[in-house]
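This report concerns only the one structure given below.
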Amino acid sequence: MTTIISVVNQKGGVGKTTTSVNVASALAKLGFRVLIIDFDPQGHSGEHLGVHAENGKSALEVLEKEKSLISCIYASKVRNLWILPANLKLGQFNQNSPVGRQFSLKEAVESDLLDSDKFDFVIIDCQPSLSLLTLNALVTCDCVLLPVQAEFLALDGLSQLIVTLKEIKTKLHPKLSVLGILLTMYDRRNKLSYEVKSELEKNFRKDLFETVIPRSVKLAEAPSFGQSILDYAPDSPGSIAYKELATEIINKLDIKIKKQK
Ligand SMILES: Nc1ncnc2c1ncn2[C@@H]1O[C@H](COP(=O)(O)OP(=O)(O)OP(=O)(O)O)[C@@H](O)[C@H]1O
Ligand SMILES: [Mg+2]
């Protein structure tokens, strides 16, 4: 069975890509076969893993039905981890008419991935807007992971996002669920971080992950080395937190840890 998780928040810079790459790497290191779909024209997940989309072999060609999804997947340096990368051209998809295009990714995933049982997890790294691309991700996934940065006004955007998700659930995808809300860039020396955490606990306790991702320079450095935090700084607090998050996710989903091969 394949579990598809969209990492989504319309707010920019909250840790979507950092979370997608590092939780995917942590799941891969537990023995799961994981595919990241980079669904942001910025192409940051590919960059983070040191994978660059060649011309004509990226997420756009899959959405436009020019290529099969499988033929556009690249292996990363991490064992068990693959990526469907994106580049700036992916932005073209948002400029075309949305009519009949909100299910383009779902169709590709259903025809290429679901029957073949190639992956245990698909993680979709969304762009920072509720665009046609993000809508495609939301109607394709089983559940959403919502990173929230421990900063001023973080909760404003989150409430809006939850309203949008409810609307999609009612109108387009009744089985869509919230896997969890993840507090990112938490700095325990900072009063604001503490206040955001308390507000989240007060308003969203049921959905809040127990794992909190600390603010850590190592997490910000890892992308420039084309590595996940688990390879770049395996014993750092960021690495430990993302490993804990992977374990929390498989516990929440009630999936058994695979034996490392
Ligand atoms: N826990 C953390 N500690 C320190 N820096 C972090 C942490 N998480 C992310 N960063 C850094 O913050 C910046 C934004 O993170 P990231 O790219 O993951 O956010 P994003 O939500 O994907 O952004 P966008 O909306 O542009 O796609 C990056 O420079 C990243 O390296
Ligand atoms: Mg990003």
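One-based numbering, in listed order, for ligands and for the atoms of each.
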Yes or no: does [X] have any heavy atom under 4.0 Å from an atom of ligand 1?
{"X": "Ser20", "result": "no"}
{"X": "Gly13", "result": "yes"}
{"X": "Leu219", "result": "yes"}
{"X": "His44", "result": "no"}

Determine whether any protein heavy atom is located less than 4.0 Å from atom 24 (P) of ligand 1. yes

Does atom 30 (C) of ligand 1 have a protein heavy-atom neighbour under 4.0 Å away? yes

Could [X] and [Y] be called an ion pair, given the rule that one side-chain N must be under 4.0 Å from one carboxylate O?
{"X": "Asp112", "Y": "Lys67", "result": "no"}
{"X": "Asp117", "Y": "Arg33", "result": "yes"}
{"X": "Lys197", "Y": "Glu201", "result": "yes"}

With only distance considered, is [X] within less than 3.5 Å of ligand 1 through an N or O on each side?
{"X": "Thr18", "result": "yes"}
{"X": "Val14", "result": "yes"}
{"X": "Asp125", "result": "no"}
{"X": "Pro128", "result": "no"}
{"X": "Gly15", "result": "yes"}
{"X": "Thr19", "result": "no"}

For [atom], what's the nearest protein heavy atom and its distance?
{"atom": "atom 11 (C) of ligand 1", "result": "Ala220 CB, 4.4 Å"}
{"atom": "atom 17 (O) of ligand 1", "result": "Thr17 CB, 4.0 Å"}
{"atom": "atom 1 (N) of ligand 1", "result": "Pro214 O, 2.9 Å"}
{"atom": "atom 20 (P) of ligand 1", "result": "Lys16 N, 3.4 Å"}
{"atom": "atom 26 (O) of ligand 1", "result": "Gln42 NE2, 3.2 Å"}
{"atom": "atom 2 (C) of ligand 1", "result": "Met185 CG, 3.5 Å"}

Do the side-chain N and O atoms of [X] and [Y] include a donor-acceptor pair separated by under 3.5 angstrom?
{"X": "Asn94", "Y": "Gln127", "value": "yes"}
{"X": "Ser236", "Y": "Ser239", "value": "no"}
{"X": "Tyr242", "Y": "Thr19", "value": "yes"}
{"X": "Ser58", "Y": "Glu61", "value": "yes"}

Quick check on contacts: which atoms of ligand 1 are under 4.0 angstrom from a heavy atom of Ile213? 1 (N)

Which of the numbered atoms in ligand 1 are below 4.0 angstrom from a heavy atom of Gly12? 25 (O)

Should we count [atom1] of [X] as having more than 12 external heavy atoms under 6.0 Å?
{"X": "Glu210", "atom1": "CD", "result": "no"}
{"X": "Lys57", "atom1": "NZ", "result": "yes"}
{"X": "Lys252", "atom1": "NZ", "result": "yes"}
{"X": "Asn55", "atom1": "CG", "result": "no"}

Inter-residue atom distance [X].[atom1] - [Y].[atom2], 0.5 Å rounding:
{"X": "Leu230", "Y": "Asp235", "atom1": "CG", "atom2": "CG", "answer": "10.0 Å"}
{"X": "Arg215", "Y": "Ser193", "atom1": "CZ", "atom2": "OG", "answer": "7.5 Å"}
{"X": "Leu105", "Y": "Leu69", "atom1": "CG", "atom2": "CG", "answer": "7.0 Å"}
{"X": "Thr17", "Y": "Asn22", "atom1": "OG1", "atom2": "CG", "answer": "10.5 Å"}

Count of N, O or S atoms belonging to protein, less than 2.8 Å from the Mg ion (ligand 2): 1

Give the ring-plane orientation class for Phe32 versus Phe121, where under 30° counts as parallel, over 60° as perpendicular and anything between as tilted. perpendicular

Test: Lys16 cationic atom under 6.0 Å from Phe39 six-membered ring centre, within 45° of axis: no

Ligand 1 versus Asp40: contacting region, heavy-atom distance under 4.0 Å: side chain

Heavy-atom proximity to atom 3 (N) of ligand 1, best of Pro147, Ser45, Ser216: Ser216

